[in-house]
Amino acid sequence: MWQFVTDRWLDIAYRSYQHVSLVVQSVALATVIAIALALLVTSYRRLEPVANFVSSVGLTIPSLALLGIMLPVVGIGTIPAVVVVTFYASLPILRNAVVGLQGVDRNLVESARGMGMNGWTTFRRVRLPLAWPVILAGLRVSTQMSMGVAAIAAYALGPGLGSYIFTGLTQIGGVNAVNYALVATIAIIILALLLDALLLVLGRVTTSEGIRVS
Amino acid sequence: MTQSTSSPSTERGDAVSGVEIVFDDIVKTYAGTSQPAVDHLSLTIPAGEIVMFVGPSGCGKTTSLKMINRLHEPTSGTITIDGEDIRAKNADELRRHVGYVIQGGSLFPHMTVKQNIGLVPGLLGWDKQRTAERVDELLDLVGLKPDRYRDRFPRELSGGQQQRVGVARGLAADPPVILMDEPFGAVDPITRQRLQDELLSIQEELRKTIVCVTHDIDEAVKLGDRILILTEGAKIAQYDTPENVLAAPANTFVEDFVGAGSALKSLSLSRVAEVDLYDQTSVKVGESVADAKQRATSAGHTSVVVLDEQERPVDWLWLRALQGETVREPADERDLITISQQATLNDALDSMLVSTHDGVPVTGAQDRYVGVATFSAVTSLITSKNQQAQETSGDAIAQAPDDADLEHATAAPADTEGS
């Protein structure tokens, strides 16, 4: 296997970069979408069960199936990969963002309004910072999950390490089949752990010392 | 406050920075209810006074308060601040010029003390320098050392300290009107009493218009220049000075609400300023211990009150606990219980219960030490007050509540029979 890695070192590195890039960008997009949706949901209480339903049912849809549905709509390549990863990534974040925003003490929100903050300022300076630790927990779950979903996206010729796994699977019994699948899987695990560590650091930097747990 | 305006601080007396608030025929009906929460309330709150809204829960006092800064909008009627209809301006703009203090301070936990206090100035576009200076000034005003507390987070403060910061935040942009919603409800009695005293001394200086909601009649009597007692639907049961509310309740509702123990309630009307203070030996931090001991012994005292550079009492030590070369500040943040001259006799008695000495140090302007209120001095003032009251009003105050109770007792069955 060592030989396999050293032979394809550059290719593996490039695919790893693509993989991480796909995940990071999709999760970033998903975060924005999820927080916007959560804001909507917490403003109109009637939407709350809908959001919970969507986020739990959404997660039960097999990603391969969703990809299949997407293909006729958006074609093959990077775009379906981004759409699918973003879709899955937004679900845990949405759920946590709703919980986080609802957990903000109503007195604090009223206090903010009473001091003359408008709705947007109240959100940006009070509600979001206070809900942030919970949202961030969702973000971490979502990132881990997206690393795996992104591998599936290779089925639609998306970028990243997924194509190695599919190559391995299609060549089962061949010389390098196990190497292909194993190297990609291990690389994804390592990258996922690295990303998680990065998110931990991000969490410490972006969470106010006043509400940090430890 | 009525006493203090006639005290030496009269030169500041006309520096009223508050403005008048007028409620004109206000009705507030919440969606889905037929009974209005506030039913035709008309009221004038004079500039520079503290008006306390009291009443049973659900009487509409908080709703009335929150209509002043438009957290609730009246269904009909108008409210004016300084003659201007509050709907003339954008609600956010209005709120930046009306201080708002709520229970527990409601500080934002993710912001430091400095950021919390600097919020409204920031919204008003003050520059950083000016905001920073204002924050320090306000921390001083509420008795927190800026250097020590400026960069702390709310969770690193005690309940009382949080509430102080809450008050400072309400005062930040120097608004003419301050609204308080049960401001001292979440702290223990001793701390509450201190915070009340501090509010009174701040108010003596600033003369804002303060509207404060409370369910505690003692607090209302102590803080209020006027008390507004509301019944359900925010109907005015009585709107008068604390003295008049206690001496002449307008109806049985008020009588029941202020309680039968009105003779004891007058304890809330008498202030520590009236007590003959005992001149307990005081020593300053940094003074030589030998000198201090000598002065105390010659005065016949076995303990001394330790003052800091600003003459604020910080400790009360037995002579044998005075050691070393010079008098030192207490190392730990031990909270010496002190009371201000504005505290009521009620507060004084409360404080003595937890004091380790026979009395409690009293502070005047800027928290300066003025003497010690001893238990016997306070009780003798109470006795003489009661005697006075009996002599002047022919037993009226001491006896009236009992008579009233008897009347109730006999009248009640008669009523039911009649109906």
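Chain identifiers are assigned alphabetically (A, B, ...) following the order of the sequence lines, protein sequences preceding nucleic acid strands; residue numbering begins at 1 within each chain.
- With chain A as the partner, the residue from B:Asn90, B:Leu123, B:Thr112, B:Asn69 showing the most heavy-atom pairs under 4.5 Å is B:Leu123.
- Neither the backbone nor the side chain of B:Arg70 comes within contact range of chain A; no heavy atoms are under 4.5 Å apart.
- Smallest separation of non-hydrogen atoms from B:Val101 and B:Gly166: CG2-O, 3.8 Å.
- Neither the backbone nor the side chain of B:Leu124 comes within contact range of chain A; no heavy atom of the residue lies under 4.5 Å from a heavy atom of that chain.
- At a 4.5 Å heavy-atom cutoff, the contact between A:Thr121 and chain B is made by side-chain atoms alone.
- Crowding of B:Lys28 atom NZ: a count of heavy atoms from other residues, nucleotides or ligands under 6.0 Å exceeding 12.
- Considering only heavy atoms from C-beta on, B:Pro154 comes within 4.5 Å of B:Asn116 through its side chain.
- Note on A:Arg15 versus A:Asp11: salt bridge recorded, some NZ/NE/NH1/NH2 to OD/OE distance being below 4.0 Å.
- Considering only heavy-atom pairs separated by less than 4.5 Å from chain B, the leading option among A:Ser208, A:Gly116, A:Pro129 is A:Gly116.
- Ion pairing of A:Glu110 with A:Arg113 is absent here, as no side-chain N (NZ or NE/NH1/NH2) approaches a carboxylate O to less than 4.0 Å.
- Ranking B:Ser106, B:Ala91, B:Ala172 against chain A, the residue ahead of the rest is B:Ser106, based on heavy-atom pairs under 4.5 Å.
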